[in-house]
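Read the structure below first, then the notes.
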Amino acid sequence: MIQEILKNHIANAFKSVYQIDVDSQSIALENTKPDFEGDYTFVVFAYLKISKKNPEQTANDIGTYLVENAREIQSFNVIKGFLNIVVSEVYWLDFLQSNYQNTCYGLGAKTNQKILVEYSSPNTNKPLHLGHVRNNLLGFSVAEILKANGHEVYTCNLVNDRGIHICKSMLAWIQQGNGETPASSGMKGDHLVGKYYVAFDKTYKEEVKALMAEGKSEEYAEKNAPSILAAQQLLQKWEAGDEETVGIWRTMNGWVYEGFDVTYKKLGVKFDKFYYESNTYLLGKEIVQEGLEKGAFYKKEDGSVWIDLTADGLDHKLLLRGDGTSVYITQDIGTAELKYEDFACERSIYVVGNEQDYHFKVLQLICKKLYKSYAEGIYHLSYGMVELPHGKMKSREGTVVDADDLIDGMLQTAEETTKALGKTYFLLKVDPKKKMMFNPEESIDFQGNTGPFIQYTHARIKSILRNASSIDFENVNSSKISLHKAEKELIFLAFQYAEVIKDAGREMSPGVICNYVYEVAKSFSSFYHECPILKESNEEQKKLRLQICNMTAYIIKSGFALLGIQVPERM
RNA sequence: GGUCUCAUAGCUCAGUUGGAUAGAGCACCGGUUUUCUAAACCGUAGGUCGCAGGUUCGAAUCCUGCUGGGACUACCA
């Protein structure tokens, strides 16, 4: 890497000019701002104590040494305390020559690090919506990015298939369903079950209202409405293994899985393993017992089990209800154990919304207090909520953007496919940590920083390469060309792909890839307008430009693959 | 009440371990096509980086306080 070479030269310069040892790894280089001449910039302010000279003089001293002693360096210029270094053209031409047909440029070497990425993790009581779509696309992409960093990556999906919320839709179906099925209603399974979840909520709200009209307090009404009591009873029957209850549960979940399957296919996501909360909560209960014996948890008089996290700045947290049934975190404790038994990964990533920040802090603390070896490796990839121009998504107000509606038409016409993939890009380009605004109209734009613009750029390049199929551009005689500014910029950008993959992996942010690939596409468009390619009369220059085309196309294709987006050969 | 998080152009977003004159896209206005795909390119305009202090050669970035949004904190998941 040229940066490492430059850092070593700079360290040598300090030694030679000022007789001071500077650790080359401590030297920071940044990319030179476009307004100035140069590739990399070394800021000398921090080193004035060593040089005992003013900034300009220091920068000049170092620059002079570099030009005299480093053949990779062509020239330098100094502005205030900024030493701008120009790397020789030959270096960039060599880089292009040796990488323009490298179909794995930028991908990291094998690290032997194993990473498990959990994402999607739906509830089986309603269909997927826009928020889930962000989750799925993020999870898939982050897994791909980590693979590109050389890690051994597995993906899993933890299905929340049990609990009080599931019992709610079951109850409504038992009471009001008249045996309705996806086949009899013609509804997609997950949507059908979702319908009964909404129906439950409606009945429940009415009951609460009625109780309050009788003069009961809101709190009393919410806890004693017949529907919620019946749902709780259903949950106890389920945990007790009541045959009829379990049968209905199995049937309804089956409908949901069939529905999810269709949606996952459309989204293009896959999982190495599915976990089901119904299988893991018992293990969670066991571990809670284990914690009680170890004294990490305590039991209240009513039989409920808690952990005291006040010493860590948090609160007391419930781990097991008084009636013995488990809560959300109970099964997560079990799942964490199971994941480690199955995969033994050093890192276990949970792609889950930031509304659960507290939950994961607690989960990790619990694992630490149980001295679990995997506690340190737990990482919550917390992403922001998706908002709509009209405000929040609220299922009861019908403002939810359904996942199936959003990606509909994905496999129909080419134009619709482009639009659907454009939405993927739209959802991935924002930093995961931040909440994002989803504007349905902007999501299908095709100008500027959009998926279609980048796909179009790729198709254009491919068109040129098809037209050049009879030209052999394997070897360029670099003595017969001079680099155009636009050519230089593209080569420099291509060079950075390797660093970008590292950045994206470290930040676990597909947005880093999006912004970079957009930068590349934009830069190519400029180059395309400024530099004739097939019409270039200088044969060597033409070959060089074709190499640039080839490498740029690779980067767009490879970068988009990390996002889960295909690029077309023609448009 | 407690914890966390966010605030950058009219809108949506970038901005690396603190570095030069804070950048893109959309929208607006103007220009470019007998020429490799115009879903393109070039240009104009648009800013108290929420407010006030502090740290330092230097702060959108780090620290403190304030204002304003959001989330979590339930025997919901």
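Chain naming here is simple, since letters A, B, ... match the order of the sequence lines and numbering starts at 1 in each.
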Point to revise | Presence of A:S526 side-chain N/O under 4.0 Å of B:C42 phosphate oxygens OP1/OP2 | key: yes
Check your understanding: Taking a pair as Watson-Crick or G-U wobble with both distances under 3.5 Å, which nucleotide is matched to B:G30?
Key -> B:C42
Exercise for review: For B:U16, take OP1 and OP2 only and decide whether either is under 4.0 Å from a side-chain N or O of A:R506.
Suggested key: no
Exercise for review: Please state whether the phosphate of B:A40, meaning OP1 or OP2, lies under 4.0 angstrom from any side-chain nitrogen or oxygen of A:Q447.
Suggested key: yes
Check your understanding: Which whole number of Å gives the distance between the P atom of B:C13 and that of B:A7?
Key -> 11 Å
Practice item. Under a 3.5 Å limit for both distances, which nucleotide forms a Watson-Crick or G-U wobble pair with B:A22, could you say? Key: none
Exercise for review: Round to a whole Å and report the spacing from NZ of A:K434 to C1' of B:U5.
Suggested key: 12 Å
Review point. Out of B:C36, B:C13, B:A40, which nucleotide sits closest to the side chain of A:M436?
Key: B:C13
Review point. Taking the P atom of each, how far is B:G23 from B:A45, in whole Å?
Key: 13 Å
Check your understanding: Could you give the OH-to-P distance, from A:Y456 to B:C36, as a whole number of Å?
Key -> 11 Å
Revision key, fill the gap. Closest of B:A7, B:U37, B:C72 to the A:Y358 side chain is B:C72
Check your understanding: Is A:K542 near enough to B:C36 that one of its side-chain N or O atoms lies under 4.0 angstrom from OP1 or OP2?
Key -> no
Practice item. Report the residue (A:K49 or A:D315) whose heavy-atom-nearest nucleotide on RNA chain B is the more 5′ of the two. Key: A:K49
**Study point:** B:A20 phosphate, OP1 or OP2, under 4.0 Å from A:K33 side-chain N/O
**Key:** yes
Review point. Checking only heavy atoms, does the side chain of A:T41 share a donor-acceptor pair with the base of B:A20 at less than 3.5 Å?
Key: yes
**Study point:** Atom-to-atom span, NZ of A:K435 to P of B:U5 - whole angstrom
**Key:** 14 Å
Exercise for review: Would you mind telling me which residue lines up with the more 5' stretch of RNA chain B, A:D431 or A:D357, judged by nearest nucleotide?
Suggested key: A:D357
Check your understanding: Counting any heavy atom closer than 4.0 Å, what does A:A459 reach on the DNA or RNA strands: base, sugar-phosphate only, or nothing?
Key -> base
Point to revise | Nucleotide nearest A:S525 (side chain, heavy atoms from C-beta), chosen from B:G19, B:G69, B:A40 | key: B:A40
Revision key, fill the gap. Pairing partner of B:C4, by Watson-Crick or G-U wobble and under 3.5 Å for both distances, is B:G70
Practice item. Find out whether the Lys NZ or Arg CZ of A:R162 is both under 6.0 angstrom from the six-membered ring centre of A:Y281 and within 45° of the ring's axis. Key: yes
**Study point:** Whole angstrom value for the distance that separates P of B:C76 from OH of A:Y197
**Key:** 12 Å
Review point. Do the two ring centres, one from A:F426 and one from A:F438, sit under 6.0 Å apart?
Key: yes
Practice item. Answer with base, sugar-phosphate or nothing: what part of the nucleic acid does A:V430 contact at a heavy-atom distance below 4.0 Å? Key: sugar-phosphate
Check your understanding: Got a donor-acceptor contact below 3.5 angstrom from the A:T32 side chain to the A:Y40 backbone?
Key -> yes
**Study point:** Minimal non-hydrogen separation, A:G559 against A:I513, with atom names
**Key:** O-CG2, 3.5 Å
**Study point:** B:G69 and B:U64, which share atom name P, separated by this distance in whole Å
**Key:** 22 Å
Check your understanding: Is the aromatic ring of A:F45 within stacking range of B:G19, meaning centres under 5.5 angstrom and planes under 30 degrees?
Key -> yes
Check your understanding: For A:E277, which contact category applies under a 4.0 Å heavy-atom criterion: base, sugar-phosphate, or nothing?
Key -> sugar-phosphate
Point to revise | Nearest-Å distance once atom P is located in both B:C36 and B:C29 | key: 29 Å
Review point. Do you know which two heavy atoms are closest between A:D431 and A:R134, and how far apart they sit?
Key: O-NH2, 3.3 Å
Exercise for review: Determine the Euclidean distance between corresponding P atoms of B:C6 and B:G25; express it in Å to zero decimal places.
Suggested key: 27 Å
Check your understanding: Does the side-chain ring of A:F82 lie flat on the base of B:A20, meaning centres under 5.5 Å and planes less than 30 degrees apart?
Key -> yes
Exercise for review: Rounded to the nearest angstrom, tell me the gap between atom CG in A:L309 and atom P in B:U73.
Suggested key: 14 Å
Review point. Taking atom C1' in both B:C4 and B:U8, what distance in whole Å separates the two?
Key: 22 Å
Review point. Rounded to whole angstroms, how far apart are CD on A:Q331 and C1' on B:A77?
Key: 9 Å
Check your understanding: For B:C36, which nucleotide is its Watson-Crick or G-U wobble mate, given both distances must be under 3.5 Å?
Key -> none
Practice item. Describe the nucleic acid contact of A:G322 in one word from base, sugar-phosphate, nothing, applying a heavy-atom distance below 4.0 Å. Key: base
Practice item. Indicate yes or no: at least one non-hydrogen side-chain atom of A:T330 is less than 4.5 angstrom from one of A:I287. Key: no
Check your understanding: Side chain of A:I164: nearest nucleotide among B:C76, B:U12, B:A38?
Key -> B:C76
Review point. A:L534 side chain: which of B:U37, B:C36, B:A77 is closest?
Key: B:C36
Review point. If only side-chain N and O atoms of A:K361 are considered, is one of them under 4.0 Å from the OP1 or OP2 phosphate oxygen of B:A71?
Key: no
Point to revise | A:R321 side-chain N/O to B:A74 phosphate OP1/OP2 under 4.0 Å | key: no
Review point. A:Y328 side chain N/O closer than 4.0 Å to the phosphate oxygens (OP1, OP2) of B:A77?
Key: no
Review point. When you compare B:A9 with B:C76, how far apart are their C1' atoms, in angstrom units rounded to a whole number?
Key: 42 Å
Practice item. Step through it carefully: locate the ring centre of A:F274, locate the ring centre of A:Y257, and say whether they are under 6.0 Å apart. Key: no
Exercise for review: Measure from the side-chain heavy atoms of A:R460 and tell me the nearest of B:C11, B:A39, B:A38.
Suggested key: B:A38
Review point. Can the ring centroids of A:F453 and A:Y425 be said to lie less than 6.0 angstrom from one another?
Key: no
Revision key, fill the gap. Closest to the side chain of A:F36, out of B:A20, B:A71, B:U37, is B:A20
Exercise for review: Scan A:P55 against the nucleic acid and name what it touches under 4.0 Å (heavy atoms): base, sugar-phosphate only, or nothing.
Suggested key: nothing
Check your understanding: Quick one: the side chain of A:N84 and the base of B:A20, do they pair up donor-acceptor inside 3.5 Å?
Key -> yes
Review point. Whole Å only: how far is the CG atom of A:N515 from the P atom of B:A24?
Key: 13 Å
Review point. Starting at CZ of A:F527 and ending at P of B:A40, how long is that distance when rounded to a whole Å?
Key: 18 Å
Point to revise | Lys/Arg-Asp/Glu bridge criterion (N-O < 4.0 Å) met for A:D472, A:K543 | key: no
**Study point:** Cationic tip of A:K299 above A:W306 ring, under 6.0 Å, 45° of axis
**Key:** no
Practice item. Would you mind classifying the nucleic acid contact of A:C531 as base, sugar-phosphate or nothing, using non-hydrogen atoms under 4.0 angstrom? Key: base
Check your understanding: Distance between the C1' atoms of B:A27 and B:G10, in whole angstroms?
Key -> 8 Å
Check your understanding: For B:C62, which nucleotide in any strand shown is its Watson-Crick or wobble partner with both distances under 3.5 Å?
Key -> B:G54
Practice item. Quick one: label A:K433 by what it contacts on the DNA or RNA (base, sugar-phosphate, nothing), any heavy atom closer than 4.0 Å. Key: nothing
Point to revise | Proximity to the side chain of A:M437 - top-ranked nucleotide from B:C36, B:U12, B:A40 | key: B:U12
